[in-house]
Amino acid sequence: MRRWYEPRRDRPDLTREAVKRRGFLGFMETLWREFFELIKLNLLFLLACVPVVTIPAAVTGMCGVVTKMARDKNHFLWPDFWKAFKRDFGLSLLGGLIYAAALAVFSVSTAFYYRLMATSMFFVVLAGFSACLLLLALCSAFYFFPMLATVDLPLRALLKNALVLTFTNYKKTLPALGWSLLLLVVGVGLLPYSVILVLFILFALIALVNTYLVYPAIAREVLGESDEQAAKAAAAPKEAPPAREMRSAGIDELVFDDEEKGGKEA
């Protein structure tokens, strides 16, 4: 099926660049176009999470799909999801365990110091500091999993880049955090009335919102792509995949600028 933004024979002057929007309108167009794909993706994600130990890999697989949606790239839901799921299973599991441990420790410490706040101002400071670390770990995960799904880096570099981008791209990190918490509160806080939302679109929608906001920073700082290059790449017709090219990661690392991370499969 021809997408609505593609040039038509009766409008040869209409290019994809001419109708592509960014910001909120661009996100709404993406959401409208991919709505039913997001429903299928959410169900697939929940299915992949059933063994529990596969949750981090399922998050990576979901981020691999929504990254292509956010970039307006052609995607195939089933093969793209399982490709990222299987290819990055080890790194996903290790990274997921690190983030789960950090979130658990900071959540417990925040709750512990919160109960002691009435006794001393010192515990007020500690509770606030623990809460900030909790939010920092959560925001860092917004960058870690999309980066894991799209670039080839060791775990240490992924964690480092995710932490750095959380601060340097704070203008997008804070909205991503706000929307994620809002959707989680609506989806989880209104259970059982929101069970349909949780089952059919909640997690895929959160992933799309986060990726739409944070991926441009990953492309710019890690892959070394400028906004103009990204726009030209989105508007260019399909061509054979280019040869692998080594580029600077932008944060003291080297990566292969290969969208499909072919280096891991070679």
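- Around the CD1 atom of Ile196, the shell of radius 6.0 Å holds no more than 12 heavy atoms that belong to other residues, nucleotides or ligands.
- Judged as a ring pair (Phe, Tyr, Trp, His ring centres under 6.0 Å), not a single pair has a partner in residues 112-141 (not counting sequence neighbours).
- Partners of Thr211 by side chain to side chain donor-acceptor pair (under 3.5 Å), not counting sequence neighbours: none found.
- Here the CG-NZ distance, from Leu213 to Lys172, works out to 6.0 Å after rounding to the nearest 0.5 Å.
- Counting only heavy atoms from C-beta outward, the side chains of Val209 and Ser180 never approach each other to under 4.5 Å.
- Put simply, Leu41 and Trp179 are part of the same group of oily side chains (I, L, V, M, F, W, Y) that touch within less than 4.5 Å, one to the next.
- Partners of Tyr99 according to the ring pair (Phe, Tyr, Trp, His ring centres under 6.0 Å) rule, which considers only residues two or more places apart in sequence or in another chain, are Phe144.
- Val185 and Tyr193 are assigned to two separate hydrophobic clusters, defined by single-linkage of ILVMFWY side chains at heavy-atom distances under 4.5 Å.
- Residues Leu148 and Leu103 fall within the same hydrophobic cluster, defined by Ile, Leu, Val, Met, Phe, Trp and Tyr side chains chained together at heavy-atom separations under 4.5 Å.
- Between Phe24 and Phe27, the two ring planes are tilted [angle within 30° to 60°].
- With sequence neighbours excluded, no residue satisfies side chain to side chain donor-acceptor pair (under 3.5 Å) with Thr30.
- For the pair Val151/Asn161, no side-chain contact is recorded, criterion being any heavy-atom separation below 4.5 Å from C-beta on.
- The salt bridge (Lys or Arg N to Asp or Glu O under 4.0 Å) test applied to Lys40 returns Glu37, not counting sequence neighbours.
- Residues in residues 194-206 take part in no side-chain hydrogen bond (donor to acceptor under 3.5 Å, both in side chains) pair, two or more places apart or across chains.
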Going by atom type alone, with no hydrogens or angles, which donor-acceptor pairs under 3.5 Å involve a side-chain atom of residues 45-64 and a protein atom two or more places apart or on another chain?
residue	atom	partner	partner atom	Å
Thr54	OG1	Ala48	O	2.3
Thr60	OG1	Pro56	O	3.1
Thr60	OG1	Ser92	OG	2.7

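- Side-chain atoms of Arg33 and Met69, non-hydrogen and from C-beta on, never get closer than 4.5 Å to each other.
- Annotation: side chain of Leu223 is not in contact with side chain of Thr150 (no heavy-atom distance under 4.5 Å).
- For Leu177, the side-chain contact (heavy atoms from CB on, under 4.5 Å) partners at least two apart in sequence or on another chain are Leu135, Leu138, Cys139, Phe142, Leu181.
- A 4.5 Å side-chain heavy-atom check between Trp82 and Leu44 finds at least one atom pair inside the cut-off.
- Side-chain N or O atoms of Asp80 include one that pairs as donor or acceptor with a backbone N or O of Phe76 at under 3.5 Å.
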Side chains of residues 163-171: which donor-acceptor pairs under 3.5 Å do they make with residues two or more places apart or in other chains?
residue	atom	partner	partner atom	Å
Thr166	OG1	Ala162	O	2.7
Thr168	OG1	Val164	O	3.2
Asn169	ND2	Tyr143	OH	3.0

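- Looking at Leu190, Val188, Leu184 one by one, the single match for side chain to side chain contact (heavy atoms under 4.5 Å, CB included) with Val186 turns out to be Leu190.
- To the nearest 0.5 Å, atoms OH (Tyr212) and CZ (Arg71) are separated by 13.5 Å.
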**Request:** Go through the steps for Leu38 and Leu31 under the test side-chain contact (heavy atoms from CB on, under 4.5 Å), then give the verdict.
**Result:** CA-CA 8 Å; Leu38 289 171; Leu31 178 61; 3.5 Å; yes

Could you go through residues 197-207 and list every donor-acceptor pair under 3.5 Å that involves a side-chain atom there, pairing it with any protein atom two or more places apart or in another chain?
none

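- Residues forming a side-chain contact (heavy atoms from CB on, under 4.5 Å) with Ala131 (at least two apart in sequence, or on another chain): Thr110.
- One distance of note links CD of Glu34 with CD1 of Ile39; it measures 12.0 Å at 0.5 Å rounding.
- For the side-chain hydrogen bond (donor to acceptor under 3.5 Å, both in side chains) condition, no pair includes a residue of residues 117-128, sequence neighbours left out.
- Put simply, Val108 and Ile98 are part of two different groups of oily side chains (I, L, V, M, F, W, Y) that touch within less than 4.5 Å, one to the next.
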